[in-house]
Amino acid sequence: MNAELTSLMGGSQSMSTWDYDCFYASVFEAENPALKSLPLAVQQKQIVVTCNYEARRRGLRKLQLIKEAKRICPDVVIMLGEDLTKFRDASKELHAFLKKNTWGNRVEKLGFDELLNRHDLQNSFFQLDKFDPTVGFAFDASTFCGPTYPAEPCPSVKEDGEQLWFSSLDVGLRLGSHLANYLRHQLEQHTPYTATVGISTSKLLAKLVGNLNKPRLQTTLRPPYSATDDGQGGNVASFLGQHEIGKIPGIGFKMAHRIRTHILGREPNLDVYEGLAEEDNVSVDVVRSFPGMGPVKLDEIFRGGGWPKDIGTKVWGLLNGVDDTEVAVGKAFPSQISIEDSYSQVDNLQSVRNELLPLTRKLLRRMHADLTEDEEGEELTTGHATVQAGRHLPVKRKKRWLGCPRTLRLSTRSRPPSLPDVGHQLHSNRISKSCPMPRFVFSFSETVEALAERLVEDTIVPLFRRLHPDKSGYKLSLINIAATNMMECAGSENSGVGQDIGAMFRNQGPRPTQFSNLPAVCSHRVTESHFDNQHHGLKHVVDGEVDQTRGDAAVLEWTSDEDGESENSATPHDECTICGAFIPWFAVQAHSIYHSVQT
DNA sequence: TGGGGTCCT
DNA sequence: AGGACCC
């Protein structure tokens, strides 16, 4: 394996990004399944923040004006989604689902509907026992599961008997694709939600490749990633190169604008409504091959923008498919909680007070929901432990703070003077003031209602006066209250690296009952017709009726090691000295752990 | 154009 | 305290 490849793999082999399909709309559909067959849009103020696929089929889009949506699709069903509570709750459930199936708590959240999951193939349970399919799950390691980019392997590779790149990268990605498929089906079985997944070796690549097959499918970026010796370009370069520069995660509106301006030699025409004009598109390929382009040039392009010091190097890396950022460990609580609302016009102190009170109540409720736990919380998380704790019933539920915000921040946005402004809405207009979070808000003995009133009068109104010293003259279009500067409270658990091995054993594989229809050993390969891309939105699970063609049994069939794989296999296997099963290298460690806890 | 979040300077 | 980025 060459050094470039090692760098692309980042040592982590494989990871996936999970994107829950039209998330807000799915939450409403989960509440009321009758909505599934109707065009459904979720509204915040004047816009459609998301809509289901039936609505998209009829021409609706995300971030469309409500007016426009109603014009295009008069019978659209509209749900109000300004209160995020139910979405946040659903998001937590989905995070918990993936976390319990992942070693080392390597599940990072990006917003409410996106997760990054670092696969841990050393510890994941594949093919643990060839004769007992209930341990782990079986799969055909000679194929990728589900759609890939490119769809077919490079022809030149097949001719090449040596298959230089047929390495741990291949194995890791194949495995990643099967693991993702397994987990997607688990998700669909156990929750009302569906997800779209991208599998690759970095956040950058996994996120982008996941966009290729959108609802309810997965896509894996195939090797070879880097250029091979015979001059074939790698798939990373060909895949990334086609993307418009602003589509690359990490290159936002401002940086994309600077790059386009430099490449085009003029300001792009930015129609805020139509997006970027076709002739102003600048692809990654064009940027990368622009004369003199490199980290130094990029630093020059970004000079004076207040970006981090090493931004040129970082962006050059992204353009070349290099993203070394680790999947973060899932945090026990957020590092900031904020509540905001927008208004047509708030212009006097009494209206401000009227708006501050409900916002503050919501903030305090959120602090209780997200930053506290029951004193005996961890003992009560599983049914098993509940029985043991039952001896002490009735249990006194004492709450305690897990995290403690030390700062309170008030932000406002003023309505811009109503100039028929052709200029872009580049600056956000928000201003803020902060102060220490008063201690009394952490009291468990007073009601949220009482605490909120006190907080508004004692703390937030004074903050507001500092923020807007002039008695009048402000026209607020937004107020935001935030609890920030979060500190971990003493005594909270150190949610370190994968401690509950027992729980992982219980969760890594399907329950035995799910395999009750399976023969103990299946020796045929998974056929094409089993893959999701063959049903492409045709078959769905309808209200509790499970579509058998999508179940574990159909998708996760076994391929025996000895026939297809052994002679030309690039996947090393070891024979287990205890049970005699052939174990791929990546599962050896997990397999031995399996034996060690089996007794 | 919403109601959230992250990290960096 | 603000500004970039993300969804």
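Sequence lines set the chain letters: A, B, ... in the order given, protein chains first and strands last, and positions in each chain run from 1.
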Inset, instruction - Can you check each nucleotide of nucleotides 4-9 of chain B against protein heavy atoms at under 4.0 Å and return B for base, S for sugar-phosphate only, - for none, in 5' to 3' order? - result: SSB-SS
Legend entry - Distance-only side-chain donor-acceptor flag, A/Glu29 / A/Asn52, under 3.5 Å: yes
Inset, instruction - Determine the contact category for A/Lys433: base if any of its heavy atoms lies under 4.0 Å from a base atom, sugar-phosphate if only primed atoms, P, OP1 or OP2 are that close, otherwise nothing. - result: sugar-phosphate
Legend entry - Spacing of A/Leu318 atom CG relative to C/dC5 atom C1', expressed in whole Å: 12 Å
Inset, instruction - Please work out which of the three classes, parallel, tilted or perpendicular, describes the rings of A/Tyr193 and A/Tyr20, given edges at 30° and 60°. - result: perpendicular
Inset, instruction - May I have the distance from A/Leu110 (atom CG) to C/dC5 (atom C1'), rounded to whole angstrom? - result: 10 Å
Inset, instruction - Compare side-chain N and O positions of A/Lys207 against OP1 and OP2 of C/dC7 and report whether any pair is under 4.0 Å apart. - result: yes
Inset, instruction - Decide whether a cation-pi geometry holds between A/Arg258 and A/Phe302; the criteria are a distance under 6.0 Å from NZ or CZ to the six-membered ring centre and an angle within 45° of the ring axis. - result: no
Inset, instruction - Round to a whole Å and report the spacing from CG of A/Leu116 to C1' of C/dC5. - result: 14 Å
Inset, instruction - Determine: side-chain N/O of A/Lys254 to OP1/OP2 of C/dA4, distance under 4.0 Å, yes or no. - result: yes
Inset, instruction - Let me know the distance between NE2 of A/His257 and P of C/dC5, rounded to the nearest Å. - result: 12 Å
Legend entry - Rounded distance (Å) that lies between atom C1' of C/dA4 and atom CD1 of A/Ile301: 17 Å
Legend entry - Residue pair A/Phe239, A/Ser200: steps toward the side-chain contact (heavy atoms from CB on, under 4.5 Å) verdict: CA-CA 12 Å; A/Phe239 173 62; A/Ser200 187; over 6 Å; no
Inset, instruction - Rounded to the nearest angstrom, tell me the gap between atom CE in A/Met255 and atom C1' in C/dC6. - result: 12 Å
Inset, instruction - Please determine if a side-chain N or O atom of A/Gln44 lies less than 4.0 Å away from the OP1 or OP2 oxygen of B/dT1. - result: no
Inset, instruction - Starting at atom CD of A/Glu114, determine the distance to atom C1' of C/dC5, rounded to an integer number of angstrom. - result: 13 Å
Inset, instruction - Using a heavy-atom cut-off of under 4.0 Å over every strand shown, decide if A/Gly81 touches base, sugar-phosphate, or nothing. - result: nothing
Legend entry - Length of the OH-C1' vector between A/Tyr24 and B/dG2, whole Å: 8 Å
Legend entry - Phosphate contact (B/dG3 OP1 or OP2) by A/Ser342 side-chain N/O below 4.0 Å: yes
Legend entry - Polar contact flag, side-chain donor to acceptor under 3.5 angstrom, A/Gln218-A/Arg184: yes
Inset, instruction - Could you check A/Phe464 against A/Tyr474 for ring pair (Phe, Tyr, Trp, His ring centres under 6.0 Å), going step by step and ending with a plain yes or no? - result: CA-CA 11 Å; A/Phe464 184 83; A/Tyr474 50 81; 5.3 Å; yes
Inset, instruction - Return the set of residues passing salt bridge (Lys or Arg N to Asp or Glu O under 4.0 Å) with A/Arg409 (not counting sequence neighbours), or none when no residue passes. - result: none
